[in-house]
Amino acid sequence: MTADDMSAAESRLRRRARQYLDAGLTDAAQITLEALLERVPDDAPARMELANVLLGRGQLQASTRQLLQIARLPAGNVPLLVQTIRRLYFHGEIVATRSCLDRLERAPDPPAPLLAEQAQLRWMLGEIPAAMALMERASAAGVETPDACYLHAMLSQFTGNIAQARGMLETCLRRWPDFGDAAVALANVRRQTPEANDLGLLRERLRRMPQDSNAAEILASRAGFESALFKELDDLGCPDEAWQALARSNAIMHALHPYDAAGETAVTDAIIHASEALAAKPARPAPPPGDATPIFIVGLPRSGTTLLDRMLSSHSQVVSAGEINDFRRQLRWMTDVPPSGVQGMLTAQRRSVDIDFAELGARYLQQTQWRAQGRRFYIDKLPINVRMVHLISRALPHAPILHMVREPMGVCFSNFKAMLGPASAYSYDVQTLAHYHGQYVRLTNHWHTRMPGAMLDVPYASLVSEPAATLRRVLEHCGLAVEEDCLHPERNMAPVATPSSAQVREPIHQRTLGEWQRYAGPLEPLRLALERAPRQIHGLA
C-alpha cells in the first residue's frame with residue numbers, strides 16, 4: 001500500500017469516527033478510533049476522542065490509559081495539552097499532571113491567557129506560590145477576564161497579602177459589577193468595622209439588579225451579594241438585618257441547588273454496608289510506608305479542620321498538602337467508576353469490598369508523596385474523607401486519622417452562613433442541614449462502634465479553649481514531639497486556601513464558640529430538627 005493509500009485510509013477512518021460520534025454510536029466510534037490508532041499511534045486528538053468515549057462508557061481505567069499515552073507524546077498542540085492536563089488531574093494522575101504542566105511551562109513566550117490557564121492549573125494542584133508567580137506574569141502581560149482577576153485576588157489572600165487581595169477584588173467589582181463571588185470574597189477578606197465597610201457598595205449593587213429575573217446567573221449573583229451583605233452586617237453587630245440578608249441568599253441557593261436527601265441517605269447506607277462486608281474479610285498486606293506519612297484530617301466542613309491543619313503544619317516535621325481529592329480519586333480508579341454523583345459513589349462503595357487495598361494505598365502514596373517536601377508527615381485535609389475511614393484504615397493503616405468534632409448548632413450555623421457554593425446543597429436550608437448532619441452522625445457513630453480507635457476525635461471547643469493539652473494529645477497520636485510553634489498558627493506563613501484563610505492567620509481564639517446564639521430565635525427550627533436527628537456518641541467536650 002502506498003503512502004497516499006495509507007493517508008486516504010486514515011482520513012476515511014477519521015471521518016467515519018466523527019460520523020459515529022455525532023450520531024451517538026459509541027460502540028462503532030470506539031472500534032473505528034481503535035483501528036485508526038493502530039495505524040497512527042501518535043494521533044493525540046484521536047486518542048483524546050477515544051479517552052472521551054471510554055469515559056462515557058464508564059471505563060475510567062481504560063480512559064486514563066489513553067490519557068497517559070497522550071502525555072508521553074510530543075507537546076505540539078497546546079490546547080490539547082491543556083485539556084490532557086485537566087483530564088489527568090481529575091482522573092487522579094497527579095504525577096503525570098505535573099510532568100505535563102512542567103512541559104507546558106517551558107513553551108517560549110506564552111500569551112497572557114495561557115499564563116492565566118497555567119496559574120489555575122497550579123492552583124488546582126495546590127501549588128499556590130507557583131500559581132501566584134504565573135498569575136503575576138499573566139497580569140503583567142495584560143490578561144483581562146473576571147476569572148483571572150478573581151484568581152489573582154484569591155491567591156493574594158491565600159499567601160497573606162490581604163491589602164493586595166482587597167484591591168484586586170475592588171477592581172473586579174468595578175469592572176464586572178455583578179460578580180457575586182468577588183462580593184463574597186471582599187466581605188470575607190477582613191473583619192468589617194463602622195469606619196471601614198462595603199455596605200454602601202453592596203446595597204447599591206443589589207438595588208440595581210433586576211428584581212424579577214428568574215435567570216440562574218442573575219439569581220446566583222444576587223445570592224452572592226446578599227451573602228456578602230450578611231457577613232458585613234454580622235460583623236457590624238446588626239443581627240436582624242444580617243439574618244434577613246442571609247435568609248434571602250440561602251433561599252436563592254436552595255432553589256438553585258436542591259438537596260438530595262434520599263441520595264445522601266443511600267450513600268451513608270452503602271458506606272456502612274461496605275464497611276460491614278469488609279470487616280468480615282481478613283485484612284491483606286498493606287503497602288510499604290513511603291518516605292513520608294500522610295495524616296488525614298476529617299469531619300464536617302467548618303468544624304475547625306483548617307485550624308488543626310495550621311497548628312499541625314507549624315511543626316518542623318509536618319507540611320500541609322491542603323484539601324486534596326487524591327484518596328477518593330484513587331478509589332474511583334480502583335473500582336473503575338467515573339465521577340457520576342450519588343450513583344457513582346454507590347457503585348464505588350459496592351465494588352470497594354473486592355479491591356486490592358495494598359494497591360489502593362500504593363497508588364495514593366505514589367500520587368501524593370511529592371507533597372511532603374522532604375518532611376516526615378504531610379496533611380491531607382479533606383473533611384469529606386470522613387466517609388472513607390474504613391477504606392483509609394485498610395489501605396494506609398499507618399496513617400493517623402484525626403476527626404474534628406464541633407457542637408451541632410455551631411457547626412451547622414457555620415455552614416449555613418458560609419456560602420460554600422453549589423457543591424454544598426445541604427447548607428442552604430435548616431432542615432437539609434439537620435438531615436446532612438444526621439447522616440454524618442450516623443456514620444461517625446458507626447466508626448466508633450465498629451472500628452474503635454480508627455480515628456482520634458479532636459473537639460473544636462477543646463482545641464480553642466485548651467490548645468496546649470489538646471494538641472499534645474494529637475501530636476502523641478501522630479508520633480510527634482511537642483513543639484511550641486504549633487500553638488501559634490498565626491506565625492505559620494505557608495499559604496492556606498480555604499474560606500477561613502483570613503481568620504486562621506489570627507492567634508487561637510474562642511470567638512466562634514456559641515456565635516449561633518446571636519440568631520437563636522430564627523435558628524430555633526434548626527435546633528428542633530437537630531434534636532430529632534441522631535446524636536453523636538463520642539467526641540464532644
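All values below were derived from every heavy atom in this structure, side-chain atoms included, with hydrogens, water molecules and symmetry-related copies excluded.
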Which label fits Tyr378 and Tyr364: parallel for a plane angle under 30°, tilted from 30 to 60°, or perpendicular past 60°?
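Correct class here is parallel.
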For the pair His390 and Trp447, name the ring-plane relationship: parallel under 30°, tilted 30 to 60°, perpendicular over 60°.
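Rings of His390 and Trp447: parallel, under 30°.
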So, applying ring pair (Phe, Tyr, Trp, His ring centres under 6.0 Å) with Phe416, which one of Tyr436, Tyr426, Trp243 is it?
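So the option named by the test is Trp243.
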Does the Arg310 side chain pair with the main chain of Asn492, one donor and one acceptor, at a distance under 3.5 Å?
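Confirmed, Arg310 side chain pairs with Asn492 backbone.
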Between the side chain of Asn415 and the main-chain N/O of Val411, is any donor-acceptor distance below 3.5 Å?
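At least one qualifying donor-acceptor pair exists.
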With a 4.0 Å cut-off on N to O distance, would you call [X] and [Y] a salt bridge?
| X | Y | value |
| --- | --- | --- |
| Glu195 | Arg190 | no |
| Glu524 | Arg527 | yes |
| Arg363 | Glu93 | yes |
| Glu483 | Arg491 | no |
| Arg518 | Asp234 | yes |

Minimal non-hydrogen separation, Leu365 against Pro294, with atom names
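Where Leu365 meets Pro294 most closely, the heavy atoms are CD2-CD, 4.1 Å.
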What about the rings of Tyr150 and Trp176, do their centers lie closer together than 6.0 Å?
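No: the rings miss the under 6.0 Å criterion.
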Distance-only donor-acceptor check, side chains His315 and Gln317, under 3.5 Å:
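Checked: His315/Gln317 side chains show no N/O donor-acceptor pair below 3.5 Å.
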